Amino acid sequence: MNNNFFIKYEYAKKMLETELDILIHSFELKHGYTPVEHMKSRIKSISSIQKKLERRGYSYTEENIEKHVTDVIGVRIVVSFLSDVYDIVSLITHSTNIILKERRDYIANPKESGYTSYHLIVLVPIYLESYVEYIPAEIQVRTVAMDFWASLDHKIRYKFKEEIPEEVQVEMKNYAKDIQKLDRKMYHMNQIMNKYQ
Ligand code: 0O2
């Protein structure tokens, strides 16, 4: 593996962070409202990349990373209300500086575990000396409530590593449903609040 292989991912992460900062800031100026609670980005660790490739039956090579791992760059945007998720998704998908490759609405279609979030795979251009390269990145957009569930779920997965006990899985799925209900109630409450502004 070439030592410089991950540098292009660092460049693309910076490009993406800047683009997202500008998009979100311009949204705030236009609407006089801050939908984003926090935003975090990371480069996936080498051991996580190795595990992901292994899980999918590929060896750890530059070519396989480029072809099969679309979340070497990951950005998580945590917002207040359900409607903010869709506003932020629309903002990103309408950007002319990044290309939408794929979208997965795990809010409309939760994962088997109960996980909810909106995922976008985008291509970020990086301008090198004589050519442009497009680097993939995964953007996860979710509410504070979904983020709370996902971070506890992540801890549970880490604790049990292989097989999560059935009763824990069932409980977590139920909590995911509770969280969805709560998000809908908060959205409704926000609509009521807006009437008074
Ligand atoms: P990490 O450490 O967060 O980076 P798949 O092949 O379907 O398993 P794929 O193609 O990578 O997965 O895409 P998917 O499912 O759209 O998104 C994967 C990422 O979503 C995960 O990344 C998690 O961040 C998050 N995610 C998906 N399902 C769950 C879940 O049940 N619980 C939690 N807590 N997070 C989930 P990684 O690479 O698995 O891990």
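Both counts, for ligands and for their atoms, begin at 1 and track the order of listing. Source: prediction; values computed, not measured.
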**Q** Is it the case that more than 12 heavy atoms not belonging to Y11 sit under 6.0 Å from its OH atom?
**A** no
**Q** Starting from atom 22 (O) of ligand 1, locate the nearest protein heavy atom and write down its residue, its atom name and how far away it is, to 0.1 Å.
**A**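 Ranked first by proximity to atom 22 (O) of ligand 1 is D71 OD2, 4.1 Å.
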**Q** Quick one: which ligand 1 atoms are inside 4.0 Å of a heavy atom on R104?
**A**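 Those qualifying, in numeric order: 9 (P), 10 (O), 13 (O), 14 (P), 16 (O).
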**Q** Report the nearest protein non-hydrogen atom to atom 33 (C) of ligand 1: residue, atom name, distance rounded to 0.1 Å.
**A**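 Of the protein heavy atoms, D153 OD2, 3.3 Å lies nearest.
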**Q** Any idea which protein heavy atom is nearest atom 3 (O) of ligand 1, and the distance to it?
**A** R76 NH2, 4.2 Å
**Q** If you have a sec, work out which protein heavy atom is nearest atom 15 (O) of ligand 1 and how many Å separate them, to one decimal?
**A**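 It is K111 NZ, 2.4 Å.
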**Q** Side chains of Q140 and S117: any donor to acceptor distance under 3.5 Å?
**A** no
**Q** Which residue supplies the protein heavy atom nearest to atom 24 (O) of ligand 1, what is that atom called, and how far is it?
**A**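 Atom 24 (O) of ligand 1 sits closest to the protein heavy atom Q140 NE2, 3.0 Å.
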**Q** So does Y115 have more than 12 non-hydrogen atoms from other groups sitting under 6.0 Å from OH?
**A** yes
**Q** Starting from atom 37 (P) of ligand 1, which protein heavy atom do you reach first, and at what distance in Å?
**A** K44 NZ, 3.8 Å
**Q** Using a 4.0 Å cutoff against the non-hydrogen atoms of S113, which atoms of ligand 1 qualify?
**A**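 Those of ligand 1 that fall under 4.0 Å from S113 are 30 (C), 31 (O).
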**Q** Run the numbers for me: atoms of ligand 1, each under 4.0 Å from some heavy atom of H119, listed by number.
**A** 14 (P), 16 (O), 17 (O), 19 (C), 20 (O)
**Q** Quick check on H188: does its NE2 atom have over 12 non-hydrogen neighbours (other residues, nucleotides or ligands) under 6.0 Å away?
**A**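 Not more than 12 within 6.0 Å, no.
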**Q** Ignoring hydrogens and geometry beyond distance, is a side-chain donor-acceptor pair present between Y33 and D84 at under 3.5 Å?
**A** yes
**Q** Any idea which atoms of ligand 1 are less than 4.0 Å away from a heavy-atom of Y106?
**A** 14 (P), 15 (O), 16 (O)
**Q** Return yes if a side-chain donor-acceptor contact under 3.5 Å exists between Y106 and R104, otherwise no.
**A**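 On atom types as modelled, these side chains qualify, holding a pair under 3.5 Å.
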**Q** If you draw a 6.0 Å radius around CD in E54, do more than 12 non-hydrogen atoms from other residues or ligands fall strictly inside?
**A** no
**Q** Measure the distance from atom 26 (N) of ligand 1 to every protein heavy atom, then report the residue, atom name and distance (to 0.1 Å) of the closest one.
**A**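 Nearest protein contact, heavy atoms only, for atom 26 (N) of ligand 1 is Y115 CZ, 3.6 Å.
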**Q** Could you work out, for atom 9 (P) of ligand 1, the closest of R55, R142, R56 by heavy-atom distance?
**A**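 Heavy atom nearest to atom 9 (P) of ligand 1 belongs to R56.
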**Q** Any donor-acceptor pair under 3.5 Å linking the side chain of E62 with the backbone of N2?
**A**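 Pair found, side chain donor or acceptor close to backbone of N2.
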**Q** Give me the residue, atom name and distance of the protein heavy atom closest to atom 2 (O) of ligand 1.
**A**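 Ranking protein heavy atoms by distance from atom 2 (O) of ligand 1, first comes H154 NE2, 3.9 Å.
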**Q** Check ligand 1 against R157 and write out every atom of the ligand that is under 4.0 Å from a heavy-atom position of the residue.
**A** 31 (O), 32 (N)
**Q** Could you tell me whether K14 and E10 have a side-chain N and a carboxylate O separated by less than 4.0 Å?
**A** no
**Q** Are K8 and E66 within salt-bridge range, i.e. N to O under 4.0 Å?
**A** yes
**Q** Using a 4.0 Å heavy-atom cut-off, say whether T70 meets ligand 1 through its side chain, its backbone, both or neither.
**A**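 The answer is neither.
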**Q** What part of R42 sits under 4.0 Å from ligand 1 if we count only heavy atoms: the side chain, the backbone, both or neither?
**A** side chain
**Q** Could you establish whether E112 and ligand 1 come within less than 4.0 Å of each other, counting only heavy atoms on the residue side?
**A**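 No, E112 has no heavy atoms under 4.0 Å from ligand 1.
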**Q** Going by heavy atoms, is A150 under 4.0 Å from ligand 1?
**A**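 In this structure, A150 qualifies as a contact of ligand 1 - some heavy atom is under 4.0 Å.
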**Q** Does either side chain, that of E19 or that of S95, offer a donor lying less than 3.5 Å from an acceptor on the other one?
**A** yes
